[in-house]
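Throughout, a chain's letter reflects where its sequence line sits, starting with A, and its residues are numbered from 1. It should be emphasised that the depicted structure is a prediction, and the values quoted were computed from it without experimental measurement.
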Amino acid sequence: MFQLLGIKLISFFDQLGAITMLALKIFKKIIKGKIHFRNTFDEMVLLGIKSLPIVSITAAFVGMAFSIQVVREFLDFGAGEIVGGVVALAVWRELAPLLTAVVFAGRVGAAISAEIGSMKVTEQIEALESMSQDPIDYLIIPKILACTLLMPLLVGLADIIGYLSGLLVALGSGRINPVAYFESAQTMLRVSDISGGLIKALLFGFIIALLSSYMGLNTKSGAKGVGEATTFAVVISLISIFILNYFLSLVLF
Amino acid sequence: MIEIKNITKHFGTKQVVNNLSLSVNQGEKIAIIGPSGCGKSTLLRLIIGLQFPDSGHILIENQDITQMTTKEINKLRLKFGLLFQSSALFDSMNVEHNVGFTLRENFKFSNDEIQKTVREKLELVDMKGTEKNMPSDLSGGMKKRIGLARAIAANPEIILYDEPTTGLDPILSTNIEDLIVKLNKKLNITSIIVTHQISTILRTADKIYMMHEGKLLEPETPKTIYHSQNKYIREFIRGGLTE
Ligand SMILES: Nc1ncnc2c1ncn2[C@@H]1O[C@H](COP(=O)(O)OP(=O)(O)OP(=O)(O)O)[C@@H](O)[C@H]1O
Ligand SMILES: [Mg+2]
């Protein structure tokens with residue numbers, strides 16, 4: 001029993017070490033300027049199109065659901081005029097970065113690990129190598145850069161959509177003045193609330209792409225291996241994001 | 001010139017290559033035969049540095065690939081064309097981008113030059129006009145020929161063929177065999193052909209090596225192979241004919 005736990009623990013640290021090594025290798029290459037710009041741009045467009053609809057829908061509905069609660073409770077307290085500020089704070093600091101990362105991991109992270117995993121088991125990674133292309137340079141770095149740059153854009157969009165869908169709910173209650181909704185946000189919010197959320201987004205994008213790429217590259221042979229790698233990539237991305245989010249909230253705000 | 005000196009390769013505890021040596025001269029065409037799982041594809045991977053031997057040396061034009069940095073290996077690989085057994089086409093790219101891959105990424109050809117070269121190579125493998133097809137639209141035999149077109153796109157000096165004719169009908173198979181011979185003659189290309197197909201062995205190879213227990217047996221020629229002194233080779237060839 002303890003022995004099993006020990007083995008699990010060792011393999012956990014092995015994996016962590018390997019992921020860190022991959023991250024360092026990627027940093028080094030990026031600093032050296034080994035960036036395949038065409039692939040990076042293509043990935044950004046492709047992943048952007050993939051994730052835009054679900055990110056928007058998620059932001060709208062989460063924004064509305066959250067506002068329903070806030071509007072109801074705050075009106076009871078007679079604090080209707082600060083609803084806008086509360087919604088903005090919650091959306092910009094926590095809800096938009098976190099939930100965008102969740103859907104991004106499910107949509108894009110899964111797609112990355114499945115793509116790289118199936119390239120691995122069908123020898124396409126070796127084909128790249130045989131034609132003098134380093135898979136890290138050609139495949140992985142473009143995906144990582146694309147995700148890291150794309151996430152802040154998506155979260156920015158989710159910020160706006162979430163905040164405005166809160167306004168809709170507030171207006172729907174018939175007892176909140178839209179001017180107060182905007183003004184309260186203006187007085188309660190600092191720039192760091194928005195920038196903090198975007199920093200989270202940047203890191204989440206990087207983590208999702210890194211973990212998904214790592215899982216893809218380490219896919220065991222066969223279609224079953226690809227499925228397992230994909231599931232694992234999503235699960236491990238989500239857990240990492242939730243943990244990281246807590247610590248980031250602690251230091252950022 | 002390729003010189004393989006006493007290489008050994010294990011996967012886990014399983015020994016796949018056992019103290020194997022081989023030398024292939026510039027412009028020579030050799031075939032490697034042997035039962036499934038005996039290590040033929042592994043041997044090709046070792047030659048192009050996709051895997052490394054546990055011990056021994058592999059010299060390509062006097063440069064030892066086992067001692068090189070990744071950068072040096074990548075440079076050396078530009079001389080090679082490798083046709084994968086599974087074709088290994090890039091799923092995300094159409095035929096034109098697959099075949100033109102190395103021209104675009106390594107040789108920085110212009111789009112026009114790439115299109116022209118791709119058209120030529122597709123014609124050579126009887127796949128004219130398939131530029132815009134995706135690999136998922138192609139049959140196994142078609143993929144194989146696109147893989148071949150990709151391998152020869154940049155006119156490599158050395159071509160490694162992993163079962164170039166498996167899964168092709170007899171006419172296509174003959175065309176590909178002719179192509180292998182033609183490329184070799186015209187451009188003095190060194191060819192290593194891994195195959196199970198008797199017609200390919202007989203029609204393309206100057207020398208035929210059989211892989212047995214991780215080593216290569218004494219080579220035969222298309223003329224001598226039917227009367228080989230070695231019982232493994234005789235059995236293999238006879239088995240192949242009665243199949
Ligand atoms: N990456 C690997 N990890 C572990 N074992 C491997 C690996 N690659 C090959 N093998 C094993 O090495 C042996 C030789 O494999 P290889 O693919 O070279 O055979 P082959 O001669 O090409 O067979 P076939 O004619 O079926 O293509 C097989 O037993 C295979 O299971
Ligand atoms: Mg093989």
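Ranked by heavy-atom pairs shorter than 4.5 Å toward chain A, the options B:L82, B:L89, B:T102, B:T70 are led by B:L89. Among A:E126, A:M119, A:H36, the residue with the largest count of heavy-atom pairs under 4.5 Å with chain B is A:E126.
Atom CZ of A:F232 has 12 or fewer heavy atoms from other residues, nucleotides or ligands within 6.0 Å. Heavy atoms from other residues, nucleotides or ligands lying under 6.0 Å from CZ of B:F107 number more than 12. In this structure, A:F61 places its CZ atom where only 12 or fewer heavy-atom neighbours from other residues, nucleotides or ligands lie under 6.0 Å away. The local environment of CG in B:D169 is crowded, with over 12 non-hydrogen atoms from other residues, nucleotides or ligands closer than 6.0 Å. By the neighbour-count criterion of 12 heavy atoms within 6.0 Å, atom CE of B:M1 is densely surrounded, having more than that number from other residues, nucleotides or ligands. In the displayed structure, B:D54 atom CG is contacted under 6.0 Å by more than 12 heavy atoms of other residues, nucleotides or ligands.
Residues B:A88 and A:A127 approach most closely at O-CB, 3.7 Å, considering heavy atoms. When all heavy atoms of A:S132 and B:N74 are compared, the closest pair comes out as OG-O, 2.7 Å.
Residues A:Y138 and B:F90 keep their aromatic ring centres 6.0 Å or farther apart.
For the atom pair CD (B:E105) and CG (A:N39), the distance works out to 6.5 Å, reported to the nearest 0.5 Å. Taken to the nearest 0.5 Å, the CD atom of A:E123 stands 7.5 Å off from the OG atom of B:S41. Distance OG/B:S92 to CG/A:L46: 9.5 Å, rounded to 0.5 Å.
Contact of B:L78 with chain A is made through backbone and side chain together, with heavy-atom distances under 4.5 Å. With a threshold of 4.5 angstrom between heavy atoms, A:L128 approaches chain B through its backbone and through its side chain. No part of B:L160 comes within reach of chain A, as not one of its non-hydrogen atoms sits under 4.5 angstrom from that chain.
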Open item on the list: What verdict does the side chain to side chain contact (heavy atoms under 4.5 Å, CB included) test give for A:Q124 and B:M93, after you've listed the backbone C-alpha separation in whole Å, the side-chain angles of each residue and the deciding distance to 0.1 Å?
Closed with: CA-CA 11 Å; A:Q124 293 175 57; B:M93 298 178 199; over 6 Å; no
Open item on the list: Working note: B:R45 + A:E129, criterion salt bridge (charged side-chain N to carboxylate O under 4.0 Å, His left out); need CA distance, chi angles, decisive distance, verdict.
Closed with: CA-CA 11 Å; B:R45 284 204 172 82; A:E129 290 182 288; over 6 Å; no
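B:N106 places a side-chain N or O within 3.5 Å of a backbone atom of A:M131 that can act as its donor or acceptor partner.
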